Amino acid sequence: MSKLLIANWKMQLSRKEALSLAKKLKARAKKCPAKMVICPDFLSLQPVSASLKNSAIELGAQDCASSNRGALTGEISPFDLRSLGVKYVILGHSERREKLGENEALISAKIKAALANRLTPIVCVGENLAEKEAGKAKSVLVGQLRAALKNVKIKSANDLIIAYEPLWAIGTGQAIIPAEAEIVGNFLTVEAAKILQKRVRVIYGGSVDSQNASQFLRQKHLAGLLVGGASLKEDFYKLCC
Ligand code: PGA
C-alpha cells in the first residue's frame, strides 16, 4: 500500500489561496508515489473538492461534529462532509485539545460519528515536552489511545489512522529523529491493536520538511506523514519523491 502524505492547512490560507494551491497540486499529483490527502479549512472544502474532481488527491477535513444533526451552533456535520466528497477527518489535534479545550470524551464521540459516516478518522496523539522529559511519553500515548478509542469498532484496519504528533515537534522546526518515530510507530500499532483488534496505520507529524520527509517515509512502522507548515507550498508533493 502506498504511503500517505496528508496536508493539514490549518487556518493558514484564504479560500483563494487554498483553491490556487489545490489546483497546482492536482497538476503535480501524478508525480507523487504516495497517496496525497489535502485537509483545507471548512470554507475552502467545497471549492477545493470541486477542483480535485478526477484527480488522485483525496480530501480531508480538520474536524467534525460528534453527531449528524442537532442544535450545535457552529458545528460541521460529518454526514455533510461525506456528501461533499470528504474521505478523512483529523480528530483530536493537539491545537484543538490545548487551545480549544477539546476533551477525550468529545474526541471519542467524534471518532464514532466520523466512522458512522464512512469518514476515516486521523486520530492525533502526542506527548508534550514536560511529559517527554519526565519519561512519561509512552503512558501518555496509551492513555490518549485508550480514551479516544474506547468502544470504537472498525471493520477493517484501513478504517482509522493514528497520527503520532509530539507536541514539542509541531511547528517548532524540531522534528523527532526518524528512528525514534519508528519505535513509537511500532508501539502505537501494537497498543492500538490491543484496543481495536486491528493493526491500523500510524503516521508521523511534527516539523516534517523537505530535508527529513524521506527518512520518515522509509520507516517500516510509519505509514505516512501529517504535514502542516511544509504543506502550504506547491513543492509539498516533492516530500514523497
Ligand atoms: P507542522 O504541523 O508540520 O507545521 O509541524 C503538523 C501538524 O500540526 O499537523
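Only a predicted model underlies this, so the values are computations on that prediction, with no experimental measurement involved.
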Can you give me the closest heavy-atom contact between [X] and [Y], atom names plus distance?
{"X": "C32", "Y": "Y237", "result": "SG-O, 4.0 Å"}
{"X": "F216", "Y": "I177", "result": "CE2-C, 4.4 Å"}
{"X": "P78", "Y": "N68", "result": "CG-OD1, 3.4 Å"}
{"X": "L222", "Y": "G185", "result": "CD2-CA, 4.1 Å"}
{"X": "A157", "Y": "R199", "result": "CB-O, 3.4 Å"}
{"X": "L239", "Y": "A230", "result": "CD1-CB, 4.4 Å"}

For the [atom1] atom of [X] and the [atom2] atom of [Y], what is their distance to the nearest 0.5 Å?
{"X": "Y204", "Y": "E182", "atom1": "OH", "atom2": "CD", "answer": "13.5 Å"}
{"X": "D209", "Y": "F236", "atom1": "CG", "atom2": "CZ", "answer": "12.5 Å"}
{"X": "S207", "Y": "N212", "atom1": "OG", "atom2": "CG", "answer": "8.0 Å"}
{"X": "L226", "Y": "I203", "atom1": "CG", "atom2": "CD1", "answer": "5.0 Å"}
{"X": "Y88", "Y": "I161", "atom1": "OH", "atom2": "CD1", "answer": "5.5 Å"}
{"X": "S231", "Y": "L21", "atom1": "OG", "atom2": "CG", "answer": "7.5 Å"}

key: L160 and its side-chain contact (heavy atoms from CB on, under 4.5 Å) partner, picked from L91, I122, V152   = V152
inquiry  = Going by side-chain contact (heavy atoms from CB on, under 4.5 Å), L167 matches just one of E98, R97, E127. Which one?
reply    = E98
Answer yes or no: does atom [atom1] of [X] have more than 12 heavy-atom neighbours from other residues, nucleotides or ligands under 6.0 Å?
{"X": "F187", "atom1": "CZ", "answer": "yes"}
{"X": "K10", "atom1": "NZ", "answer": "yes"}
{"X": "K238", "atom1": "NZ", "answer": "no"}
{"X": "E75", "atom1": "CD", "answer": "yes"}
{"X": "L72", "atom1": "CG", "answer": "yes"}

key: Test side chain to side chain contact (heavy atoms under 4.5 Å, CB included) applied to I76 and D63, step by step   = CA-CA 8 Å; I76 307 282; D63 185 35; over 6 Å; no
Are [Y] and [X] co-members of a hydrophobic cluster defined by side-chain heavy atoms under 4.5 Å apart?
{"X": "F42", "Y": "L84", "value": "yes"}
{"X": "V125", "Y": "L106", "value": "no"}
{"X": "L4", "Y": "Y164", "value": "no"}
{"X": "L149", "Y": "V200", "value": "yes"}
{"X": "I90", "Y": "V37", "value": "yes"}

Would [X] and [Y] pass as an ion pair if we require N to O under 4.0 Å?
{"X": "K150", "Y": "E104", "result": "no"}
{"X": "D80", "Y": "R69", "result": "yes"}
{"X": "E58", "Y": "K87", "result": "yes"}

Could you tell me if the side chain of [Y] sits less than 4.5 Å from the side chain of [X], heavy atoms only?
{"X": "Q144", "Y": "V140", "answer": "yes"}
{"X": "L115", "Y": "P121", "answer": "yes"}
{"X": "L5", "Y": "K35", "answer": "no"}
{"X": "W9", "Y": "L232", "answer": "yes"}
{"X": "T120", "Y": "D159", "answer": "no"}
{"X": "C240", "Y": "L217", "answer": "yes"}
{"X": "K194", "Y": "V190", "answer": "yes"}

query = Does the side chain to side chain contact (heavy atoms under 4.5 Å, CB included) test come out yes or no for L52 and K26, once each step is laid out?
reply = CA-CA 7 Å; L52 291 181; K26 182 179 177 180; 4.3 Å; yes
query = Does the pair H93 and Q62 meet the rule for a side chain to side chain donor-acceptor pair (under 3.5 Å), with working shown?
reply = CA-CA 8 Å; H93 192 283; Q62 296 176 18; over 6 Å; no
query = Does the pair E131 and K136 meet the rule for a salt bridge (charged side-chain N to carboxylate O under 4.0 Å, His left out), with working shown?
reply = CA-CA 5 Å; E131 290 160 345; K136 292 186 183 153; over 6 Å; no
request  = Establish, from distance only, whether the side-chain atoms of K112 and S108 form a donor-acceptor pair under 3.5 Å.
outcome  = yes
key: side chain to side chain donor-acceptor pair (under 3.5 Å) between S44 and D41, worked out   = CA-CA 6 Å; S44 305; D41 67 24; 2.9 Å; yes
query = Is there a side chain to side chain contact (heavy atoms under 4.5 Å, CB included) between N8 and V227 once you walk through the steps?
reply = CA-CA 6 Å; N8 177 9; V227 187; over 6 Å; no
request  = Could you please spell out the steps behind the side chain to side chain contact (heavy atoms under 4.5 Å, CB included) verdict for N158 and K198?
outcome  = CA-CA 9 Å; N158 287 331; K198 302 264 186 300; over 6 Å; no
